[in-house]
Q: 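Take this structure, written in structure tokens, and hold onto it; I'll ask about it next.
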Amino acid sequence: MCLAIPAAVTKILPDEMAVVSIDGVGKEISVALIEDLAVGDYVIIHVGYALTKIDPEEARRTLDLLRELSVE
Amino acid sequence: MCLAIPAAVTKILPDEMAVVSIDGVGKEISVALIEDLAVGDYVIIHVGYALTKIDPEEARRTLDLLRELSVE
Amino acid sequence: MRGHQAKLDISNGCIDLSHGSGGRAMAQLISGLFHEAFGNEWLARGNDQSAFDVGGGRMVMTTDGYVVSPLFFPGGNIGTLAVHGTVNDIAMAGARPLYLSAGFIIEEGFRLSHLKMIAECMGEAARSAGVHIITGDTKVVERGKADGLFISTAGVGVVPVGLDLSAENARVGDRVLISGTLGDHGIAIMSKRQNLAFETDIISDSAALHDLVAKMVEAGGHGIRLMRDPTRGGLAATLNEIARQSDLGFRLQEEAIPVKPDVAAACELLGLDPLHVANEGKLVAIVSPEVANAVLAAMRAHPLGCDAAEIGEAIADDHHFVQMATSFGGGRIVDWLSGEQLPRIC
Amino acid sequence: MRGHQAKLDISNGCIDLSHGSGGRAMAQLISGLFHEAFGNEWLARGNDQSAFDVGGGRMVMTTDGYVVSPLFFPGGNIGTLAVHGTVNDIAMAGARPLYLSAGFIIEEGFRLSHLKMIAECMGEAARSAGVHIITGDTKVVERGKADGLFISTAGVGVVPVGLDLSAENARVGDRVLISGTLGDHGIAIMSKRQNLAFETDIISDSAALHDLVAKMVEAGGHGIRLMRDPTRGGLAATLNEIARQSDLGFRLQEEAIPVKPDVAAACELLGLDPLHVANEGKLVAIVSPEVANAVLAAMRAHPLGCDAAEIGEAIADDHHFVQMATSFGGGRIVDWLSGEQLPRIC
Amino acid sequence: MKYVHEFRDKEIALGVAKAIGTEVDLARPYRFMEFCGGHTHTISRYGLEDMLPNNVRMVHGPGCPVCVLPAGRIDMAIHLAMRPEVILCGYGDLMRVPGSQGASLLKAKARGADVRMVYSTIDAIRIAEENPAREVVFFAIGFETTTPPTAIMIRLAEKKKLSNFSVFCNHVLTPPAMQNILKSCGIRNIGHVEIDGFIGPAHVSVIIGTTPYEFVAEEFGKPIVITGFEPLDMMQAILMLVRQVNEHRHEVENQYRRAVIRDGNLRAKEEVSNVFELRDRFEWRGLGPVPYSGLRLKPAYTKYDAELRFDMGELCVADNPACKCAAILRGIRKPVDCELFGKICTPVTPMGSCMVSSEGACAAHWTYGRFRDHQQRPAS
Amino acid sequence: MKYVHEFRDKEIALGVAKAIGTEVDLARPYRFMEFCGGHTHTISRYGLEDMLPNNVRMVHGPGCPVCVLPAGRIDMAIHLAMRPEVILCGYGDLMRVPGSQGASLLKAKARGADVRMVYSTIDAIRIAEENPAREVVFFAIGFETTTPPTAIMIRLAEKKKLSNFSVFCNHVLTPPAMQNILKSCGIRNIGHVEIDGFIGPAHVSVIIGTTPYEFVAEEFGKPIVITGFEPLDMMQAILMLVRQVNEHRHEVENQYRRAVIRDGNLRAKEEVSNVFELRDRFEWRGLGPVPYSGLRLKPAYTKYDAELRFDMGELCVADNPACKCAAILRGIRKPVDCELFGKICTPVTPMGSCMVSSEGACAAHWTYGRFRDHQQRPAS
Ligand code: SF4
Ligand code: SF4
Ligand SMILES: [Mg+2]
Ligand SMILES: [Mg+2]
Ligand SMILES: [Mg+2]
Ligand SMILES: [Mg+2]
Ligand SMILES: [Mg+2]
Ligand SMILES: [Mg+2]
Ligand SMILES: [Mg+2]
Ligand SMILES: [Mg+2]
Ligand SMILES: [Mg+2]
Ligand SMILES: [Mg+2]
């Protein structure tokens, strides 16, 4: 459930809004649910709202682990 | 001014309404402006209202006069 | 659709947006309703276009959009009109109508039962006119973005060898023939409009004229300069257009122009001129004086031309006026309709 | 109209009901705007139909209605679409498009400047596709009874001798070719809808494919079984239709299907499948394995086919499934769109 | 159609035309003004000019209630119709009447105003009942003929307790306008054209009777014949006027006896006087302000007065200075004397009051008669 | 697309699949329920079934907020939307969800209801601002993921002092539903199917964190892995579950560490708890009433509660008795076991909750997987 996709923050707007980019597709979203957001952060967006920031370090670790599993 | 045409009363309806016929074309009109109306009377209708009854005797007389003038 | 889909609920169903979205619901509507109504080998092949063989020579193509309101009216409905109108525009070139296309723009909420009735009437009208509806299209738009149903038809037909009827062909001295009474269609439609509603037995004259045309061509041959169906704008618009295109004028005899008494009466009631009212089963022919009588006789021998009349002639006129000797004895011009046709109080 | 009429006020004027009433205002609109934009000898004759000579043989006819919203979108407008779409439906039969008809249903209040722009784009699109808009029709409806402008076009074309492309022609083992990336048109349109609005450089792929088709026929001859443009419902609808009509199935390779990264991204954003999204300048060809490479090479050599790809093959399948090996390594089917295409939350 | 076709008989018409031809004094002109647009329309529609001797000339008066509505009142109606809550209902004739700068209700409708054409005031009541959440305004226009139906409608609205209904009242009166024309041009001389007699209104007179015209005969010494709208009515009336002129009489005669009596329709007059009262003045397109020539709702009915309900104010717009209407509807000029005629002023794009309705002098000439302007010239 | 394409890599996938194949004990079955429809969709969309050993079976749970909405709530929304003053806004997913007797918002729209599809709650606010004379109602649905945007919307409506705006609240909670499934079927046995582990929600957990699932591990003794929606996430999670089963562990593990932390999104949880409170019970399509599983507006916000504002009452409609959803979303039956599947029940005409959204078990199988039902049979 709950279709949501990662997007890169490209601009912080007033009123808890921001512009994000998904492979070049720009979309204005609400970031009212997020704290300490910066341009360049990746967020997960759902119905026009950012739900959370993506932790790039954890993402890398998961991928590393996947590669590890896959060569076993 | 004031497009108006003669029509024969074919039916008296409640609420000061009546049905008239113009060569077979039926139309519901208001007869609120007319007194003593009977089926068979001819009235002059304008914007959906009967303005007056046509006096058949006077009409005949006018036509007679016209014919007279025309043969002179 | 091989049972993977609930049947179309014709009696209670309505068109919704899914019927126009290129999915299974649309495919079902097309095969279950339109193909059934128009049924022919071309549609059955289910392509985005249909192919047919032609013998070569001269062909004509035409199109019209149908936006009539109300959709059902005395003497027809939007579907019959969409067939007759396009068949007639082909026939006006003297051509034999062959194939039609039909495009539907449907407002969501439109009743399937009405759509089916309209499609069946179209199929029937096409069959009796000897034409096939070989390709089509369906679009559904949101409520409030159409008026129930619009239909567009296009048609092609083949012109007898050597015939070239065109609006610039009229010559001074040519006769003006009309195939019957004027104004029946427009008045039948107006009688059903809520804000005008009047009672009348007038029915639309909507009819396919190709057979009448064939008989006229037989009788008049190259003496027929051009034909046109006086639809929107009525006889007045048609003759003014031709006058301009052929660079001449016309002189009509009001007495000769056939108008049914009840149509005349309704026009008086609404303050309209029958010469401006639309027809859907009538034609105007401009013919050379030599063939006028023969063509008129052929028209009168045809069921769709029994009230045909010669109503005037083409005259030299740099101003392209359509003049008319009134039945009262005076003269006037018959102008284009100014703006929209509106009932008047004065 | 010989000076008896105020000029059309293109920059500030609006369509009102008089522009559709068969009177002088309508005649002026047609001659002053449409004829100017489409300008050709057929329209200039001002008949209700237009005649043309044909050499005999096999012809095709098609029609489509255009109700796109918004009317102007990145890469085109309703007018260019109305030309390309109908040209393409002719071309899909392998035919050379010759003549178009154009019918306009206009909502009162529509800006004349927009109408002129659209008509000019249509004229331009027709000229570059080598077709002529030879006949037309204009209707005006009251405000709230249309969505600005609807256009219906019909078209005819001539089929090269011996060619018979039709949806039932696919055979097991045939290859599925696509002429380029999927979903560009639909996503370009959606990006401009108020309730979806997103920023993107994606432009509609709207284009006339007749020349690409000619090159493909040259390369593939009778090895080409059929072609179809995957418009509404996308590739999914097109292949499901063909599977049903040819009584077989397809197996596609997801990896081989070209989709632009930003189109893919927009689809992820909206929860749509690019295989369901509309295209207006792409074609699917089902070709025999023998000619597949030659046809693909011909496609790639053409500017409108540079991203062409072989994406799968026809298989025996009583259930007419369109199966796909996913780029992830699993299998799925590619079904029709269920109902309307709606952005989803889940 | 009984009482119609008999009065369009060609044979009789030719006979009457002959009688007129016999009786006119070829040594003098006969210039008759028909006040009513209905008569103007009949003249043009049936081509009466072709049937009259050359020295009998018909001068077209200002008698069309649509034509005389000034551009400012149209602008007011357009502003009203543009309010989202308002449905403006009116007769079809109003749709193309020009306001300022080419505006019209038809164009306002195209731009989003909810304007509905009605055939009868009863339809306006129905629309108000069907749209309780909207404000329905009836755009009332017309002479004495059309006023009683508006009065009945207001009575009905009251009976039905409609709270979303009102009237934008533009009803005007015929006699003050006739008087204004006669007075403003001197007693026996209207500008450069002398008027020798009047064709009096047909259906206005059905309501108001013949007495209100007695001032024309008495004060201004002009013959006047109250005349029906069928072409034979007019032929007869012209003959009656020719005879009055020849006999130096100036009386009010009644040709239209089948529908008009001396006192008019008492019931209709009562309905009108119950609901309406005189305005001090009202502006006429082409004539300017005419004292006591317009009606408004009586104080008891002000809740139905759209001008008050919507605080409409008053808009005044100058007529196009090139337009010759003022002179034309006083008989001083003919339509062809106006340089705008047929060039930028046509019924589709009317510039002045005479081109607005098909009853206006310019419109009638354009629509039915302009071929005569070219009859002398050879076709090129 | 960063964080997307990496997690769809075929090479890695084949490797992980191989690892799963190596590690499974061929002597026993592994039956894993993915609660979330998002996971069901991923399985079908990418054809994961083809990549798993035969003894690893995925059981599709009830986790689609659209699917679980009962027909009665749809009927209530339709009745509301049919009121002329109401504009009902909702996510596109809602349009085809069946109410009773084949009704849906799409069909209600076709019959005249003003139903608007929105992409975001912010659009609903805009529509309310643009239509001050109408009543704009937002049809709120969704699990914990979708609730915070509704809370923000209500805060915004208050800030903007919108008086024509309200919410028809249908937000539901994931843990009570999981608990209901586990409880109603006995502790270790759901009907005839034993579940060996759970794939835990992805984006729900982004908001609520991992702690709410600890009862699954603790009370019910089941392994659970919180898992992202990309196919590699699922492959990894399946391997993690296989390992827990093999090692007889039952822990809450977090595969989706890049987005989920133990406490979830505190700010979002606070927004939600400011605005919403628990209902005593809420009905789920397929599951029946589940205690404390739904949200409503807190007393301070009742003016925004459409159920009170329009006195909507409560409509209860029995599920189609032939529909096997209740058994399917407990893992007891598969879609093909239902006699309506693919015959009268398809995504265009869904009969039960599992066919409603593309995430439902029946819909996913119909849309992506049904070719497998025929793979044994020869083509005719
Ligand atoms: S032609 Fe037009 S501008 Fe000229 S006088 Fe007549 S109405 Fe006025
Ligand atoms: S196929 Fe339809 S009716 Fe059967 S269980 Fe699934 S949702 Fe219910
Ligand atoms: Mg045509
Ligand atoms: Mg036509
Ligand atoms: Mg089509
Ligand atoms: Mg025609
Ligand atoms: Mg010339
Ligand atoms: Mg087509
Ligand atoms: Mg097409
Ligand atoms: Mg046409
Ligand atoms: Mg196509
Ligand atoms: Mg088979």
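Naming: A, B, ... by sequence-line order, numbering from 1 per chain. FYI, side chains are in, hydrogens and waters are out, and symmetry mates aren't considered; it's all heavy atoms of this structure.
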Q: If we define contacts as heavy-atom pairs under 4.5 Å, which of Asp164(C), Asp53(C), Leu226(C), Thr231(C) has the most with chain D?
A: Asp53(C)

Q: Can you confirm whether Arg96(C) is buried at CZ, in the sense that more than 12 heavy atoms of other residues, nucleotides or ligands lie under 6.0 Å from that atom?
A: no

Q: What option among Ala154(D), Ser69(D), Gly65(D) has the most heavy-atom pairs under 4.5 Å with chain C?
A: Gly65(D)

Q: Would you mind checking which part of Val141(C) comes under 4.5 Å of any heavy atom in chain D, side chain (CB onward), backbone (N, CA, C, O), both or neither?
A: side chain

Q: CD of Glu241(D) to CD1 of Ile30(C): how many Å apart, nearest 0.5 Å?
A: 7.5 Å

Q: Specify the closest pair of heavy atoms between Arg244(D) and Ala27(C), including all atoms of both residues, with the distance to one decimal.
A: NH2-CB, 4.2 Å

Q: Tell me which of these, Glu168(D), Gln245(D), Met61(D), has more heavy-atom pairs under 4.5 Å with chain C than the rest.
A: Met61(D)

Q: Taking side chain as everything from C-beta outward and backbone as N, CA, C, O, which of these in Asp335(C) sits under 4.5 Å from a heavy atom of chain D? Side chain, backbone, both or neither.
A: side chain

Q: Under a 4.5 Å heavy-atom cut-off, does chain D meet the side chain of Thr138(C), its backbone, both or neither?
A: backbone

Q: Could you check whether any side-chain heavy atom of Lys145(D) comes within less than 4.5 Å of a side-chain heavy atom of Glu107(C), counting everything from C-beta outward?
A: no

Q: When only pairs under 4.5 Å are counted, which of Gly20(C), Gly233(C), Gly157(C), Gly57(C) shares the most heavy-atom pairs with chain D?
A: Gly57(C)

Q: In terms of heavy-atom pairs under 4.5 Å with chain C, which of Trp42(D), Tyr99(D), Phe150(D) leads?
A: Phe150(D)

Q: Has the side chain of Lys139(C) got a donor or acceptor atom that lies under 3.5 Å from a matching backbone atom of Val67(D)?
A: no

Q: Between Arg232(D) and Met26(C), is any pair of side-chain heavy atoms under 4.5 Å apart?
A: yes

Q: Determine whether a donor-acceptor pair (N or O, by modelled atom type, separation under 3.5 Å) exists between the side chain of Gln49(C) and the backbone of Asp89(D).
A: yes

Q: At a heavy-atom separation under 4.5 Å, does Leu100(C) approach chain D through its side chain, its backbone, both, or neither?
A: backbone

Q: Identify the residue among Thr62(C), Val60(C), Asp64(C) that makes a side-chain contact (heavy atoms from CB on, under 4.5 Å) with Thr135(D).
A: Thr62(C)

Q: With respect to chain D, which residue among Gly103(C), Gly144(C), Gly148(C), Ala237(C) yields the maximal number of heavy-atom pairs within a distance under 4.5 Å?
A: Gly144(C)

Q: Any donor and acceptor pair, going by atom type alone, linking the side chain of Arg58(D) with main-chain N or O of Val54(C) inside 3.5 Å?
A: no

Q: In Å, rounded to the nearest 0.5 Å, how long is the span from OG of Ser152(C) to CG of Asp137(D)?
A: 7.5 Å

Q: Identify the two heavy atoms, one from Thr63(D) and one from Ser101(C), that lie closest to each other, and give their separation to 0.1 Å.
A: CB-OG, 3.5 Å

Q: Quick check on Ala95(C) against chain D: is it the side chain, the backbone, both or neither that has a heavy atom closer than 4.5 Å?
A: neither

Q: Given a strict heavy-atom distance threshold of 4.5 Å, which part of Ala102(D) is in contact with chain C: side chain, backbone, both, or neither?
A: backbone

